[in-house]
Amino acid sequence: MGKTINEISIGKPYKNVFKITNNISEWTSLFREYKKTEIIEERDNYIKFKLTKKEDEEGNEKSWISERFLDEKNRIIFARRLEPLYPFRFMNITWEYAEEGNNTKMIWIQEFEVDSKCPLSEEQMEEYLNKASKDEMLSIKNSIENI
């Protein structure tokens, strides 16, 4: 099983960071990689949504459906990719938040298994996800701190 853990400190209070980072409709302004978000279902502490990435160098566009379970009181989010799963056999994501004075530490934990048809090994996928997560977390930090 592959696993990545990345964290960043954001110079805003927890309540603000939690609210902004869980507003899926606004992810295209927080994340550099997303072109479109579509909310499929939303109810108390649950969101099912479709993400579409921006086109890659070859003009390919990728989309998938995920779900998130929000626990604001305990400062944690549980998420998972639903369909299509490829290039994974499964992808589970935990977002944790910790207050640091007026700042918020945001931690992403990704646990996954790469599909046997995927050209990347789990180690290569970890390397890719670590780089992408750090880039996206910095983008989120900059966006939130400039609000």
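The shown structure was predicted, so the numbers you read here are calculated from the model rather than taken from an experiment.
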Over all heavy atoms of both residues, which pair between [X] and [Y] is shortest? Give the atoms and the distance, please.
{"X": "Val114", "Y": "Glu122", "result": "N-OE2, 3.3 Å"}
{"X": "Met125", "Y": "Pro87", "result": "CE-CG, 3.9 Å"}
{"X": "Lys3", "Y": "Ile5", "result": "CE-CD1, 3.9 Å"}
{"X": "Ile39", "Y": "Ser25", "result": "CG1-OG, 3.9 Å"}

Is [Y] reachable from [X] through a run of I, L, V, M, F, W or Y residues, each pair having side-chain heavy atoms under 4.5 Å apart?
{"X": "Phe18", "Y": "Ile76", "value": "no"}
{"X": "Ile107", "Y": "Ile140", "value": "no"}
{"X": "Leu82", "Y": "Met91", "value": "no"}
{"X": "Tyr34", "Y": "Met106", "value": "yes"}
{"X": "Met137", "Y": "Ile109", "value": "no"}

Would you check if the side chain of Asp115 reaches a backbone N or O of Lys117 as a donor-acceptor pair within less than 3.5 Å? yes
May I ask you to decide if Lys19's main-chain N or O and Asn23's side chain share a donor-acceptor pair within less than 3.5 Å? no
Under 4.5 Å between any side-chain heavy atoms of [X] and [Y], yes or no?
{"X": "Phe78", "Y": "Leu70", "result": "no"}
{"X": "Lys48", "Y": "Glu42", "result": "no"}
{"X": "Trp64", "Y": "Lys53", "result": "yes"}
{"X": "Phe49", "Y": "Thr37", "result": "no"}
{"X": "Thr21", "Y": "Tyr97", "result": "yes"}
{"X": "Arg81", "Y": "Phe88", "result": "yes"}

Kindly write out the residues that satisfy side-chain contact (heavy atoms from CB on, under 4.5 Å) with [X], not counting sequence neighbours, or none if the list is empty.
{"X": "Glu58", "result": "Asp56, Asn60"}
{"X": "Thr4", "result": "Asn6, Gln110, Phe112, Glu126, Leu129, Asn130"}
{"X": "Lys50", "result": "Glu38, Ile40, Thr52, Ser63, Ile65"}

Pairs where residues 60-71 contributes a residue and the test salt bridge (charged side-chain N to carboxylate O under 4.0 Å, His left out) is met, not counting sequence neighbours: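 Non-adjacent pairs meeting salt bridge (charged side-chain N to carboxylate O under 4.0 Å, His left out): Lys35-Glu61, Glu67-Arg80.
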Please tabulate, for side-chain N and O atoms in residues 9-17, each donor-acceptor pair with protein atoms closer than 3.5 Å (sequence neighbours left out).
unit_1, atom_1, unit_2, atom_2, d
Ser9, OG, Glu100, OE1, 3.1
Lys12, NZ, Ile147, O, 3.4
Tyr14, OH, Glu72, O, 2.5

I would like to know whether Ile77 and Ile93 meet side chain to side chain contact (heavy atoms under 4.5 Å, CB included); could you show each step before the answer? CA-CA 8 Å; Ile77 302 295; Ile93 306 167; over 6 Å; no
I need the Asn92 CG to Met1 CE distance, nearest 0.5 Å.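 Reported value, rounded in 0.5 Å steps: 8.5 Å.
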Can you confirm if the aromatic rings of Tyr46 and Phe69 lie within a centre distance of less than 6.0 Å?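 Centroid distance Phe69-Tyr46: below 6.0 Å, so yes.
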Lys54 NZ: over 12 foreign heavy atoms closer than 6.0 Å: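 Check passes, neighbour count above 12.
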Just checking Arg32: does its CZ atom have more than 12 heavy atoms from other residues, nucleotides or ligands closer to it than 6.0 angstrom?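 Enclosed: over 12 neighbouring heavy atoms sit under 6.0 Å from CZ of Arg32.
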Evaluate the side chain to side chain contact (heavy atoms under 4.5 Å, CB included) criterion for residues Glu99 and Arg75: first the C-alpha distance (whole Å), next the side-chain angles of each, then the deciding distance (0.1 Å), finally the verdict. CA-CA 9 Å; Glu99 290 182 278; Arg75 299 176 172 87; 2.4 Å; yes
Under the salt bridge (charged side-chain N to carboxylate O under 4.0 Å, His left out) rule, collect the residues that match up with Lys134, sequence neighbours excluded. none
Among all residues two or more places apart in sequence or in another chain, which pass the salt bridge (charged side-chain N to carboxylate O under 4.0 Å, His left out) test with Glu26? none
In the hydrophobic cluster built from side-chain contacts under 4.5 Å, what are the other members alongside Tyr86? none
List, by chain and then residue number, the residues other than Leu85 in its hydrophobic cluster (Ile/Leu/Val/Met/Phe/Trp/Tyr, side-chain heavy atoms under 4.5 Å); write none if there are no others. none
Ser143: which residues meet the side chain to side chain donor-acceptor pair (under 3.5 Å) condition with it, sequence neighbours left out? none
For Glu83, all residues meeting side chain to side chain donor-acceptor pair (under 3.5 Å), sequence neighbours excluded: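 Counting only residues at least two positions away or on another chain, Glu83 forms no side chain to side chain donor-acceptor pair (under 3.5 Å).
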Strictly below 4.0 Å, N to O, side chains only: are Lys141 and Glu145 in salt-bridge contact?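 Result for this pair is yes, salt bridge flagged.
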Mind checking what makes ring pair (Phe, Tyr, Trp, His ring centres under 6.0 Å) contact with Trp95, not counting sequence neighbours?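 Trp95 satisfies ring pair (Phe, Tyr, Trp, His ring centres under 6.0 Å) with Trp27, Trp108 once adjacent residues are dropped.
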